[in-house]
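Working notes for the structure below.
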Amino acid sequence: MPESIFKASLVLALLFFTGFFALVVVPPLLENPDVWGALAAGFVNPYASGYSTDVLVCWFILASWVVYEARTLSVRNGWVCLVLGVVPGVAVGFAAYLLLRARQIKQVRRSNP
């Protein structure tokens, strides 16, 4: 896959989920700003619990990766992606991290031919 298509697909996924979150999650949360209740709603049945646990574990894996690459590859500002992984969601934080990482690694390659 060409890099341009890879990056475009990441941006598309990031924008899609951000829009979905803004349309589906934000209005009820503004109507009833019970954040803990909203989080608990992700665990209302075994299926929702499975998806919610998967999301939480994926965020933890992303966090581990961000911290590891900050130390080993000097990828900077990954913490922003971890915040985006909480709100609006891991899909946004993960896509943003891949874009951030790709840009920084390309800069390192240019400076070290």
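Throughout, numbering of the chain's residues begins at 1 and tracks the sequence.
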Among all residues two or more places apart in sequence or in another chain, which pass the side chain to side chain contact (heavy atoms under 4.5 Å, CB included) test with S9? none
Going by chain and number, the hydrophobic cluster around L12 (ILVMFWY, side chain to side chain under 4.5 Å) further includes none
Can you get from V55 to F60 by hopping between Ile, Leu, Val, Met, Phe, Trp and Tyr side chains that sit under 4.5 Å apart? no
According to side chain to side chain contact (heavy atoms under 4.5 Å, CB included), who are the partners of D54, at least two apart in sequence or on a separate chain? C58
Over all atoms of both residues, closest heavy-atom pair of C81 and L100: SG-CD2, 4.1 Å
Listed partners of A91 passing side chain to side chain contact (heavy atoms under 4.5 Å, CB included), at least two apart: F17
From OG1 (T18) to CG (L84), nearest 0.5 Å: 7.5 Å
ILVMFWY cluster membership beyond Y51 - transitive side-chain contacts under 4.5 angstrom: none
Would you say V80 ends up clustered with V83 if hydrophobic residues are merged whenever their side chains have heavy atoms under 4.5 Å apart, either directly or through other cluster members? yes
Minimal heavy-atom distance between A63 and L82, with the atoms involved, is CA-CD2, 3.4 Å
Side chain to side chain contact (heavy atoms under 4.5 Å, CB included) involving V26 - partner list, sequence neighbours excluded: F21, L30
Donor-acceptor pairs are to be reported for all side-chain atoms of residues 70-77 against protein atoms at under 3.5 Å, with residues two or more places apart or in another chain.
| from | atom 1 | to | atom 2 | distance (Å) |
| --- | --- | --- | --- | --- |
| T72 | OG1 | Y68 | O | 3.0 |

Using the side chain to side chain contact (heavy atoms under 4.5 Å, CB included) rule, take Y97 and L62 through it: C-alpha gap first, then chi angles, then the decisive distance, then the call. CA-CA 9 Å; Y97 184 71; L62 176 62; 4.2 Å; yes
Do L10 and F94 have side chains that get closer than 4.5 Å, going by heavy atoms? no
To which residues is I61 joined in a hydrophobic cluster, defined by side-chain heavy-atom contacts under 4.5 Å among Ile, Leu, Val, Met, Phe, Trp and Tyr, whether direct or through other members? V57
Taking salt bridge (charged side-chain N to carboxylate O under 4.0 Å, His left out) as the definition, give me every residue that meets it alongside E31, ordered by chain and number, with sequence neighbours left out. none
Acceptor/donor pairs from residues 37-49 side chains to any protein atom, 3.5 angstrom cut, sequence neighbours excluded:
| from | atom 1 | to | atom 2 | distance (Å) |
| --- | --- | --- | --- | --- |
| N45 | OD1 | Y47 | N | 2.9 |
| N45 | OD1 | A48 | N | 2.7 |
| S49 | OG | N45 | O | 2.9 |

Count I, L, V, M, F, W, Y as connected when their side-chain heavy atoms are under 4.5 Å apart, and connections chain through other members. Are L14 and I5 then in the same cluster? yes
V86 with V67, same ILVMFWY side-chain cluster at under 4.5 Å: no
Do V24 and V92 belong together in a cluster built from hydrophobic side chains that touch within less than 4.5 Å? yes
Pairwise salt bridge (Lys or Arg N to Asp or Glu O under 4.0 Å) hits with a residue in residues 3-22, at least two apart: E3-K7, E3-K106
Sorted by chain and number, sequence neighbours left out, side chain to side chain donor-acceptor pair (under 3.5 Å) with W65 holds for E69
